[in-house]
Every structure is written in C-alpha cells, then in structure tokens.
**Q** 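Pasting a structure here, questions to come.
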Amino acid sequence: MTHPYIPNAGPAARAAMLAEIGASSVEEFYGDIPADLRLARPLDLPAPFADEQGLVRHLRGLLARNTDTTEALSFLGHGCYPHHVPAVCDEVNGRGEFLTAYAGEPYEDHGRFQALFEYVSMMGELLEMDVVNVPTYDGFQAAGTALRMAARYTGRRKVLVSGAVAPDKLGTIRGYLAPDIEVLLAPVAESGEIGEVGLDDTFAALYLETPNVHGVIETRGRQLADLAHSVGALLVVGTDPISLGVLAPPASYGADLVCGDIQSLGMHQQYGGGQAGFIASRDEERLVAEFPSRLFGIAPTAVEGEYGFGDVFYDRTSFALREEGKEWVGTAAALWGITAGVYLALMGPQGMREIGETILARTRYAMRALASSGAVVLHQESLHFREFVLEVPDADALLAALRAEGIFGGVRISPWRVLVCVTERHSIADIDTLAAAVKDALSTSGDRT
Amino acid sequence: MSSHGEAFASLPVAPKPALRRFHQARWDEQIVFELSRPGRRGIGVPAPDAPLVELPAGVGRSTPPALPELSQNQVVRHYLRLSQETLGADLNIDVGQGTCTMKYSPKVNDTFVRDPRIAELHPLQPEDSVQGVLEIYWRLEQILKEISGMARVSLQPGAGSAAIYANLSMIRAYHAARGEAGQRDQVITTMFSHPSNAACAKVAGYEVITLLPDADGYPDLDALRAAVGPRTAALLITNPEDTGIFNPRIREFVELVHAAGGLACYDQANANGILGITRARDAGFDLCHFNLHKTFSTPHACGGPAAGACGVSEALVPFLPGPLVDREGESYTLNSPTGSVGKIRPFLGVTPNVVRAYAWVMALGAEGLREVAETAVLNNNYLMHKVLRIPGASVPWADKRRVEQVRYSWQELAEETGVHSEEIGIRAADFGVHYWTSHHPYVVPEPFTLEPTESYSREDLDEYAAILAQVAAEARENPEFVRNAPYNQTVHRIDATSLDDPAQWSPTWRAYCRKHRQ
C-alpha cells in the first residue's frame with residue numbers, strides 16, 4: 001500500500017522516477033554510507049496503525065490515563081498558569097496557514113510578519129517599551145538571555161539575582177550564564193520581597209522578579225533601579241504580562257530590560273508546552289545590538305502607503321554570523337506570539353485591567369479564606385498577584401487529602417510549604433471549596449504545628 | 001485520453017497555462033492599532049466578586065496600556081485575513097526551505113493535542129494523574145533510542161538549537177566531572193553545519209574551530225587532524241551535511257576526536273534521509289539530537305513551538321536534562337539523572353509536539369520510516385536531476401552522491417544575467433511556492449538549498465522544477481522583470497534600508513509612530 005503520507009511510495013512511481021534519473025535503485029544514492037555503518041536489520045519499533053481509526057483509538061486510550069485540570073479543581077501554578085483561553089485564540093493558532101508556515105520571506109508570508117509585528121507592538125504598549133523580540137523559547141531562557149545581554153552591554157561578568165525566583169528557573173539561569181558570568185543571589189526579606197541588595201560597579205545587572213515566585217509584588221522597583229544605575233548596572237525585571245493591566249510596567253520605574261513568559265496570554269497549559277519567552281528594551285542602538293533573537297520591523301514598500309515588514313538589524317544574529325553573532329537564534333515559539341497578540345487584541349486595555357483586578361481581588365480573598373481554614377499564609381501583609389504560600393505541618397499529607405476530594409491543591413515547594421495559584425478561572429465558590437477542604441484536612445490530621 | 005476529449009476540445013476554453021496561475025491574498029489590512037475604536041472589546045472577563053485591592057502609587061499602573069480596542073468579530077476577521085496572507089506548508093510545494101525538512105504534518109495529530117487531556121494538563125500534577133502523557137514520553141524515548149542507537153533520550157529541549165545547547169551543556173559537565181573542564185576549551189564544527197552549532201558552542205564558553213570542505217566537499221580530514229588535541233572538548237557535526245553529501249569517513253572523524261579525549265556530537269537535523277539506514281551510535285557518536293518539528297513532522301508553526309530530543313551514550317546519561325520518564329511495571333515515574341545539567345526548558349519540554357511526533361511514528365512503523373527515508377532520497381535525486389537541466393543552475397561537487405537535500409548554485413545564471421539567488425526566490429513566490437537561499441556565509445556562491453522530503457509527489461517536484469526553469473528563463477530574457485518582483489504577492493518590493501538604520505528602524509508600532517508619524 002502507498003502510505004497516505006508518502007505519495008511517491010508506490011513501486012510504480014518509484015520505478016518511473018529511478019528510470020528517469022537513470023539509477024537502478026535507491027541504494028545507489030546511499031553508496032557513500034559504508035557497509036559497517038549500515039543497519040543490517042529493520043528498526044525494532046512497535047507495529048504501526050495502518051488506518052487512522054486505529055491510531056485514534058490508540059492515542060485516545062493513552063490520553064484516557066490522564067486526569068486534566070478541567071476534571072479536577074486545580075490550584076497549580078508555579079510557572080504554568082490556568083488562565084482562560086478565548087476560543088478565538090485557538091481558532092487563529094489552529095489555522096493551517098499559521099500552523100504549518102515556517103521561515104517564509106516577508107512577501108509570501110506577509111501575514112505572519114504582520115501578526116508577529118503586531119504581537120511585539122501590543123507587548124510594547126503593555127510594557128511601555130519600544131523594542132520587543134519575536135518569541136524566544138520560554139521565560140527561563142529569556143531571563144538568561146536578558147542577563148547575558150546586560151553583561152555584554154556593561155562589559156561586566158557578575159549579576160545579582162533575587163532569591164525569590166523558582167529554583168528550576170534559577171538553575172537554568174546559572175547554567176545559561178556559565179561559565180563566564182557569575183550569578184550571586186540576593187536574600188529574600190521577611191515580607192517575601194527581595195531583601196538587602198549589595199551591588200557595586202562590578203555587577204552587570206540586578207534581576208528582580210515581580211510578581212515573584214511567592215506571588216509577592218515587589219514594591220521597591222524605583223529604589224532598586226536607582227541603586228543599580230548608581231553603580232552602572234542594568235535593572236532587569238522578570239514579569240508576567242498578564243499582570244500589567246493593573247501593575248506598573250517595569251519601564252515606568254526604571255527597568256532597562258524586561259523579560260518573562262507569555263503562556264498566560266492565551267496559551268493552554270499543555271503540560272508545560274505553552275511557554276514562550278519575551279525580552280524588551282528601550283530603543284537604544286547598543287541595547288538593540290545585544291538581542292540574539294529576531295526583531296521584526298515595519299518598512300515601506302515600492303507602493304506608497306503599503307506596509308512591509310522585515311528583520312531589524314539581522315546582522316547581529318548567529319544566522320548571519322555563526323559564532324560571531326549574539327548567542328544563537330533558531331526555531332523557538334513564534335506561533336505562541338501570534339496567539340498572545342490575538343489575546344491582547346481581544347482584551348484591550350479594559351480587559352487587561354479587569355482581569356488584573358479580578359486576579360488581585362480573588363488572590364486576596366483566597367489568602368484570607370485559607371488563613372481562616374487553619375493554614376498559615378505567608379507574607380500576609382504583602383501585595384500578591386495570583387499566588388501565595390501556605391505553611392502547613394505536612395505538605396504531602398495536605399495535598400494527598402485534597403487530591404482525595406478531587407482537588408489539585410497547589411505545588412509543593414518544600415516539605416511544609418504549598419504554593420497556591422488563583423486566577424480568573426477560580427470562582428469564589430471554588431476558593432471556598434478549597435478552604436473547606438484544607439480546613440477538613442488540617443483538622444483530621446491533628447494539630448502537629 | 002478521455003472519451004469526452006473531442007467534444008471539449010471544441011469548447012472556447014483556452015488551454016491551461018504551463019504553470020499554475022496564483023495570486024496571494026491581498027487585503028491591504030491595516031495594522032491592528034488602526035482598527036481600534038474607543039470602548040470596543042473582544043472578550044468579557046469575570047468580575048472579581050470580592051473587594052478590589054488598592055495598589056500604592058508606583059506599584060499600580062497609572063495609565064492604561066494603549067492596546068487596540070476591537071470587537072470580537074473584528075479580531076477574527078483581522079487575523080483570518082493575515083492567515084490568508086501567509087503561505088503555509090499546507091498550501092504550497094514547500095521543498096524550497098532546505099535544511100528544514102518541510103514535510104506534511106498529519107491533521108489527525110493536531111486533534112490529539114487539542115484534547116483537554118493534553119491541552120489542560122498542568123506539568124506539576126501528581127504523577128498518577130498523568131500516566132497517559134508519561135507513557136507517551138516513555139514510548140517516544142524508546143523509539144528514538146532505537147532510531148539513534150543511544151542509551152537514553154531526553155525530550156526536554158524546546159527546539160533543535162536548544163537541543164544543541166543542551167548537548168554542549170552535557171559535554172561541559174562531562175569534562176568537568178573528569179577534571180578537564182579548564183583544559184578542554186575548544187569545539188570543532190564544520191561550515192555546513194547549522195549556525196547554531198557554532199553559536200551554541202560559543203555561549204557554552206567554547207572557542208569554535210570551523211572545518212571547511214575539502215576539494216571533494218567533505219569536511220576536511222587533514223584540518224581535523226590539525227585541530228584535535230588536548231584542548232578538544234567535542235566535535236559537532238551533521239552528516240549528511242547541508243550540502244546533502246554524506247561523509248563516508250565519519251567513523252574516522254569520531255575516532256580521531258575520541259583518541260584526543262574529546263566527545264563526538266551528531267547534529268541530526270538532516271536525519272530524514274537516513275532513518276533506519278544508519279545510526280548515530282553505530283558510528284561511535286556520544287551524543288546526538290533530533291528536531292521533532294523537522295524529521296518527526298510536528299508543524300513548524302511560523303517558527304515554533306518546536307521541540308528537540310537529545311540522545312546520549314551510557315557515559316553521558318547522568319548529565320541529561322531532567323526529568324526523564326522511567327517505567328516501573330505498568331506505571332511511569334519522573335526521575336532526574338544524578339549529575340543532570342538541569343532544565344534546558346521549563347517542565348518537560350514541548351509536550352504537544354512530543355505527542356504529535358509519537359503519533360507520527362505510530363502511523364508509520366519501522367517499514368514506514370524506511371519508506372520515508374528512501375522516498376525523501378529518491379525525491380531529492382529526482383529533483384536534482386530536473387534542476388540541473390535548467391541552464392544556469394549547478395551543484396558544487398557534482399560527482400558526489402546526495403542524500404536528502406542539495407545545496408545548489410545559480411552562479412552561472414548570476415554571472416550571465418546579474419540576477420541573484422534571493423531575487424529568484426522572490427519571483428518564485430509569484431507562482432505560489434516558497435524558496436530560500438541558504439544560511440550565511442555563502443560558501444557556495446548564489447546558493448539555494450532544496451529538500452523535497454517524502455511528502456511531495458512526482459508531479460509536485462515537476463511543478464517546482466518548472467517554476468525554477470521559468471524564473472531562470474525570465475532572468476535571461478528580462479532580468480529587470482525578475483528584479484522588480486514580486487507581482488502576485490500581498491505586498492510589493494520592500495525597501496529594507498530603514499531596518500538597519502537605528503534612526504529609522506521600528507521594531508514596534510510605538511517606535512514607528514514616534515519616528516515616522518509626527
């Protein structure tokens with residue numbers, strides 16, 4: 001049978017093409033592969049599904065072994081967030097034209113260039129910054145790259161990173177800056193905000209995250225920016241753009257580079273597959289020169305009034321310069337950028353403000369509800385967005401008890417700490433359900449505090 | 001000839017032109033900000049149902065972001081128009097993006113990842129609630145182990161270049177564990193490997209040594225002999241290289257590097273033509289990577305999300321990015337290797353593409369993968385046969401066999417007509433196909449790289465070659481006509497000068513308005 005994915009696989013097609021080339025068999029083309037490198041047997045793979053129906057049945061059987069976050073009440077966050085995804089986002093990113101396009105030129109892929117230019121432009125408005133890149137892999141890598149950019153910009157080889165950053169993210173940053181840039185950690189204060197900051201003129205950057213790993217909103221941005229600038233360092237701020245309808249954009253208090261992940265802007269959780277990174281800066285030639293990733297810009301065409309698009313300052317990239325380019329650029333997560341653009345176009349300024357207000361209000365409501373359920377809520381006096389930490393006698397026991405009630409109660413971040421995430425998808429009733437379940441679990445496990 | 005032939009022949013219908021008539025959609029679509037009208041919105045948001053939180057000055061946003069305000073149907077219309085102005089692989093004979101393995105992405109695979117049991121999974125759910133997705137990871141790892149011969153495979157990297165970087169991180173960790181990190185500070189790569197091989201090595205802290213091709217088009221073995229030594233951390237090489245030429249002495253390359261104490265790392269972005277034919281580990285490689293969006297058919301998505309996979313030999317397993325999925329009886333668990341280089345990407349990588357790649361292999365099996373490889377190679381050699389009949393087209397190292405792609409040259413045509421490869425590509429787009437020159441630097445003059453993969457039929461390849469022949473003929477007859485293309489596209493020739501000028505470049509709409517609209 002000719003395989004449905006391989007139109008030329010039939011013996012007749014093959015024979016006719018070989019005849020036209022004047023070759024006796026496909027083997028001839030493999031003549032440079034020495035015999036001792038040839039696999040002398042068929043690959044040992046599972047038997048395939050000859051028909052689509054069988055494949056569907058097989059995959060559905062596997063997927064049935066998953067319980068997803070619409071079947072359970074989930075308060076899991078910690079870098080991947082359960083925000084509502086508007087149907088229009090799925091409609092647009094499911095279009096075959098976008099889904100299957102790749103590296104087309106600005107002519108035949110005009111729409112792709114415009115959609116990505118509009119994405120970076122809408123991000124620019126949210127961030128109040130003039131330069132935003134086409135999506136990088138994810139927020140982890142975006143933070144690493146932003147810090148490398150700062151190191152190149154300042155010519156310094158040391159960065160100070162807030163201690164209130166997820167351990168996995170910190171690990172990725174350390175790995176990415178190794179071996180030539182040293183990463184030091186700033187302590188976390190009692191409030192959950194960044195603590196005492198010791199900077200001198202050997203530091204390239206201070207990395208601040210807000211909301212941070214504990215969901216705490218940093219309130220000393222301007223002071224920290226001034227401190228960094230006073231020693232010639234940059235302030236790099238990691239943030240979640242979904243918070244910026246209500247939170248001040250980091251540029252407004254002096255951030256030089258802003259980075260983060262856009263998964264919250266219209267991407268499903270996808271078991272962590274919906275991540276994509278952004279980096280933004282002011283429009284300063286020296287800073288722009290340090291971006292390794294693609295930047296799309298608007299340009300005139302031969303026809304007056306027509307918008308064209310293209311790569312800004314392409315000759316910074318490894319595509320053009322190999323190891324002499326800035327870091328590297330490759331296929332990353334462009335479709336998620338287009339999708340985030342759709343999200344921002346749907347939300348507009350009003351939607352972004354409202355979603356921010358709702359998340360802020362429900363987060364505070366959840367903190368109070370859980371405090372009254374017998375758990376200790378950390379950093380209660382600080383401002384929180386979307387996440388907060390519960391301190392309990394036994395995180396595993398609590399989460400297991402909640403699980404028995406059909407609730408994914410949060411992410412265990414230590415043996416006695418659980419990170420709880422609340423978004424616009426959690427109604428007040430959902431939060432009350434969690435609080436009641438926590439109260440039950442804590443009371444039945446006995447008072448071991 | 002059909003029995004209707006004679007009757008229809010008398011109808012007043014002109015015969016079909018030799019080439020397809022095509023015009024890209026042109027909507028003259030405004031920038032989304034220009035569509036904005038105050039007060040409109042595209043989606044409702046749940047009310048807080050709880051007291052609002054007051055934010056202090058400097059922490060709260062003082063002025064709303066100047067995002068566009070559109071109704072929902074406007075947003076849909078705008079983006080669907082932009083999608084129409086995009087030539088996806090689903091719409092064209094996408095053999096012109098060589099090195100990228102543009103193949104058909106089966107539609108059924110997209111249905112799996114839209115299922116809430118993938119789309120709505122959180123990466124930190126309890127393991128017992130994600131057994132299905134873990135089993136898919138485990139199964140795909142077994143498949144890639146068998147295809148590469150490697151001991152273990154991590155599916156964590158977010159793309160091919162991220163996988164190259166992950167491999168370099170492991171190389172660094174391996175030498176560090178042996179106390180040789182300081183000494184081994186050089187990575188050797190080749191000019192026809194992807195630019196990311198060199199660039200990732202630089203980021204990982206290595207000095208990069210690039211081997212040029214020898215007179216036969218193979219990476220220069222003498223240059224390798226001169227380069228290897230106690231400072232060699234690794235060789236990073238692809239085979240076949242982007243020329244489509246398979247280096248028959250690859251094992252010798254690997255042995256030379258091993259003898260010097262370095263590691264051998266195989267960039268398998270070009271694996272499509274050798275699936276089931278030859279394996280990385282059997283040639284002695286210590287590490288390799290695959291691009292799931294290339295070889296394993298996950299859609300390219302305008303440039304991602306992609307997904308990469310790193311395979312390693314037993315000695316490097318402890319350094320793999322984690323976590324990996326282990327099978328214990330009928331259940332699956334997540335474990336991180338002891339000396340793991342940590343996370344290259346958050347969580348477990350690009351799960352939807354892991355699911356799609358798995359489904360793709362399960363639709364083909366061992367025999368199907370071999371059919372993929374052989375057909376890709378047959379298609380490539382067939383297309384080469386056609387292209388080399390176009391006057392002005394040539395291929396360097398013409399006597400060498402080609403595997404799954406070819407880097408060609410229009411040098412003769414350019415010398416004769418003054419028309420460059422890039423201009424040919426723009427004109428080719430007028431016929432509804434995509435064409436790309438090649439990566440810089442242009443070691444092959446006026447280059448273009450075609451990679452037909454297994455997805456295109458003989459008629460498709462004939463059509464593509466006919467389009468190139470047409471454009472080459474136009475270049476001879478009327479070079480200005482080709483240079484002034486495109487004619488059938490959404491936009492006309494772009495004046496790119498502002499894109500490199502800091503005073504004029506506009507990487508966002510706000511920058512454009514500031515610089516050009518006052």
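Per chain, numbering begins at 1; letters A, B, ... match sequence-line order. Hydrogens, waters and symmetry mates play no part in the numbers below; they use all other heavy atoms, side chains included. Because the structure is a prediction, the values reported are computed rather than measured.
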**Q** If you count heavy-atom pairs under 4.5 Å between each of A:Gly330, A:Ala332, A:Ala299, A:Ala16 and chain B, which one has the most?
**A**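 Looking at each option in turn, the highest pair count goes to A:Ala332.
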**Q** Among the options A:Pro46, A:Gly171, A:Gly325, pick out the one with the most heavy-atom pairs lying under 4.5 Å from chain B.
**A**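 Option with the top pair count is A:Pro46.
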**Q** Check whether A:Phe98 gets within reach of chain B through its side chain, its backbone, both or neither, counting any heavy atom under 4.5 Å.
**A**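 Contact with chain B involves both backbone and side-chain atoms of A:Phe98.
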**Q** Which one, B:Glu120, B:Gln131, B:Glu374, leads in non-hydrogen pairs under 4.5 Å with chain A?
**A**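 Greatest number of close heavy-atom pairs with chain A: B:Glu120.
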**Q** So that I can tick it off, tell me whether B:Glu146 and B:Arg279 are bridged by a salt bridge, with the cut-off set at under 4.0 angstrom between side-chain N and carboxylate O.
**A** yes
**Q** Side chain, backbone, both or neither: which part of A:Asp311 has a non-hydrogen atom closer than 4.5 Å to chain B?
**A** backbone
**Q** Let me know if B:Tyr456 has heavy atoms under 4.5 Å from chain A in its side chain, its backbone, both or neither.
**A**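 B:Tyr456 touches chain A through backbone heavy atoms alone.
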**Q** For B:Leu369, is it the side chain, the backbone, both, or neither that has a heavy atom closer than 4.5 Å to a heavy atom of chain A?
**A** side chain
**Q** Counting only non-hydrogen atoms closer than 4.5 Å, does A:Ile428 touch chain B with its backbone (N, CA, C, O), its side chain (CB onward), both, or neither?
**A**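 When you check distances to chain B, only side chain atoms of A:Ile428 fall under 4.5 Å.
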**Q** Sort A:Phe313 into side chain, backbone, both or neither according to what part of it lies under 4.5 angstrom from a heavy atom of chain B.
**A** both
**Q** Checking heavy atoms, do the side chain of A:Arg353, its backbone, both or neither come under 4.5 Å from chain B?
**A** neither
**Q** Which atoms of A:Pro34 are under 4.5 Å from chain B, going by heavy atoms: the side chain, the backbone, both sets, or neither?
**A**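 The side chain, not the backbone.
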**Q** Mind running salt bridge (Lys or Arg N to Asp or Glu O under 4.0 Å) on B:Arg514 and A:Asp130 for me, showing each step along the way?
**A** CA-CA 9 Å; B:Arg514 178 167 56 76; A:Asp130 278 2; 2.5 Å; yes
**Q** Under a 4.5 Å heavy-atom cut-off, does chain A meet the side chain of B:Ser457, its backbone, both or neither?
**A** both
**Q** So what's closer than 4.5 Å to chain A heavy atoms on B:Thr111: side chain, backbone, both or neither?
**A** neither
**Q** Counting only heavy atoms closer than 4.5 Å, note whether A:Ala47 contacts chain B via side chain, backbone, both or neither.
**A** backbone
**Q** Side chains of B:Pro352 and B:Pro305: closer than 4.5 Å at any heavy-atom pair?
**A** no
**Q** Are any non-hydrogen side-chain atoms of A:Val26 and B:Asn381 less than 4.5 angstrom apart?
**A** no
**Q** Mind telling me whether B:Phe347 and A:Phe140 have parallel, tilted or perpendicular rings, with 30° and 60° as the class edges?
**A** tilted
**Q** Quick check for you: among A:Asp168, A:Thr219, A:Ile338, A:Leu295, which has the greatest number of heavy-atom pairs under 4.5 Å with chain B?
**A** A:Asp168
**Q** Under a 4.5 Å heavy-atom cut-off, does chain A meet the side chain of B:Val372, its backbone, both or neither?
**A**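 Contact with chain A is through both the backbone and side chain of B:Val372.
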**Q** Report which part of A:Ile217 has an atom under 4.5 Å of a heavy atom belonging to chain B: side chain, backbone, both, or neither.
**A** side chain
**Q** Check whether B:Gln125 gets within reach of chain A through its side chain, its backbone, both or neither, counting any heavy atom under 4.5 Å.
**A**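 Both parts, heavy atoms under 4.5 Å.
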**Q** Less than 6.0 angstrom separating the ring centers of A:Phe117 and A:Phe309, yes or no?
**A** yes
**Q** With A:Thr301, which residues qualify under side chain to side chain contact (heavy atoms under 4.5 Å, CB included), at least two apart?
**A** A:Val303, A:Glu306, B:Val491, B:His492, B:Ile494
**Q** Using heavy-atom distances under 4.5 Å, tell me whether A:Asp138 contacts chain B through its side chain, its backbone, both, or neither.
**A** side chain
**Q** For A:Trp328 together with A:Tyr176, are the ring centres under 6.0 Å from each other?
**A**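 Between A:Tyr176 and A:Trp328, the centre distance is under 6.0 Å.
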**Q** With a 4.5 Å heavy-atom cut-off, do B:Leu378 and A:Leu18 have their side chains touching?
**A** yes
**Q** If you define the side chain from C-beta out and look only at heavy atoms, does anything of B:Val208 sit under 4.5 Å from B:Thr210?
**A**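 Touching, per the 4.5 Å side-chain cut-off.
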**Q** Heavy atoms only, distances under 4.5 angstrom: which of A:Val56, A:Val92, A:Leu360, A:Val246 has the most pairs with chain B? Name it, please.
**A** A:Val246
**Q** So which heavy atom on A:Tyr253 is nearest to which on A:Ala248, and how close?
**A** CE2-O, 3.8 Å
**Q** Name the member of A:Thr172, A:Val88, A:Ile298, A:Val131 that forms the most heavy-atom pairs with chain B at distances under 4.5 Å.
**A**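 Heavy-atom pair counts peak at A:Ile298.
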**Q** Considering only heavy atoms from C-beta outward, does the side chain of A:Leu116 approach that of A:Val120 to under 4.5 Å?
**A**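 When only atoms from C-beta onward are counted, A:Val120 and A:Leu116 do not touch, as no gap falls below 4.5 Å.
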**Q** If we ignore angles and hydrogens, is there a donor and acceptor under 3.5 Å between the side chains of A:Thr331 and A:Tyr102?
**A**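 The criterion, which ignores hydrogens and geometry beyond distance, is satisfied for A:Tyr102 and A:Thr331.
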**Q** Could you tell me which portion of A:Leu399 (side chain, backbone, both or neither) has an atom closer than 4.5 angstrom to a non-hydrogen atom of chain B?
**A** neither
**Q** So which part of B:Asn379 gets closer than 4.5 Å to some heavy atom of chain A, the side chain, the backbone, both or neither?
**A** both
**Q** Do B:Arg345 and A:Gln141 come close enough that some side-chain heavy atom pair is under 4.5 Å?
**A** no
**Q** Where on B:Ile426 is there a heavy atom nearer than 4.5 Å to chain A: the side chain, the backbone, both, or neither?
**A** side chain
**Q** Is B:Gln97 in contact with chain A via its backbone, its side chain, both, or neither, using a 4.5 Å heavy-atom distance?
**A** side chain
**Q** Please list, chain by chain and in numerical order, all residues satisfying side chain to side chain contact (heavy atoms under 4.5 Å, CB included) with A:Glu20, sequence neighbours excluded.
**A** B:Tyr382, B:His385, B:Lys386, B:Arg458
**Q** Report which part of B:Glu29 has an atom under 4.5 Å of a heavy atom belonging to chain A: side chain, backbone, both, or neither.
**A** both
**Q** Please classify the contact between A:Val288 and chain B as side chain, backbone, both or neither, with a heavy-atom cut-off of under 4.5 Å.
**A**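 Side chain only.
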**Q** Can you tell me which portion of B:Pro46 sits under 4.5 Å from chain A's heavy atoms? Options are side chain, backbone, both or neither.
**A**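 Both backbone and side chain of B:Pro46 come within 4.5 Å of chain A.
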**Q** Give, as side chain, backbone, both or neither, the part of B:Glu454 having an atom under 4.5 angstrom from any heavy atom of chain A.
**A**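 Both backbone and side chain.
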**Q** Using a 4.5 angstrom heavy-atom cutoff, name the option from B:Lys400, B:Arg251, B:Arg402 with the most pairs to chain A.
**A**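 Option with the greatest count: B:Arg251.
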**Q** Pick from A:Asn66, A:Leu247, A:Leu335: which one has the most heavy-atom pairs with chain B under 4.5 Å?
**A** A:Asn66
**Q** Does any part of the side chain of B:Arg172, heavy atoms only, come nearer than 4.5 Å to the side chain of A:Pro179, both counted from C-beta?
**A** yes
**Q** Examine whether an atom of A:Met347 lies under 4.5 Å from a heavy atom of chain B, and if so say whether it belongs to the side chain, the backbone or both; otherwise answer neither.
**A** both
**Q** Side chain, backbone, both or neither: which part of B:Tyr104 has a non-hydrogen atom closer than 4.5 Å to chain A?
**A**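 Side chain only.
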**Q** Is the number of heavy atoms from other residues, nucleotides or ligands under 6.0 Å of B:Glu367 CD greater than 12?
**A** no
**Q** In terms of heavy-atom proximity below 4.5 Å to chain B, should A:Glu28 be classed as side chain, backbone, both, or neither?
**A**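 It is the backbone, since no side chain atom gets that close.
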**Q** Can you confirm whether or not the ring centre of A:Phe319 sits under 6.0 Å from the ring centre of B:His439?
**A** yes
**Q** Closer than 4.0 angstrom, basic N to acidic O: yes or no for A:Asp180 and A:Arg148?
**A**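 Yes.
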**Q** Between A:Glu105 and A:Arg112, is the salt bridge (Lys or Arg N to Asp or Glu O under 4.0 Å) condition met? List the steps.
**A** CA-CA 10 Å; A:Glu105 300 300 318; A:Arg112 170 174 74 99; over 6 Å; no
**Q** Side chain, backbone, both or neither: which part of A:Val312 has a non-hydrogen atom closer than 4.5 Å to chain B?
**A**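 For A:Val312, backbone and side chain are both near chain B.
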**Q** Before accepting this row, confirm whether a basic side-chain N of the pair A:Glu424/A:Arg362 lies closer than 4.0 Å to the acidic partner's carboxylate O.
**A**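 No salt bridge links A:Glu424 with A:Arg362.
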**Q** Sort B:Ser506 into side chain, backbone, both or neither according to what part of it lies under 4.5 angstrom from a heavy atom of chain A.
**A**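 Its backbone and side chain both get close to chain A.
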**Q** Specify which of B:Ser105, B:Gly425, B:Ala201, B:Cys100 makes the most heavy-atom pairs with chain A at under 4.5 Å.
**A** B:Cys100
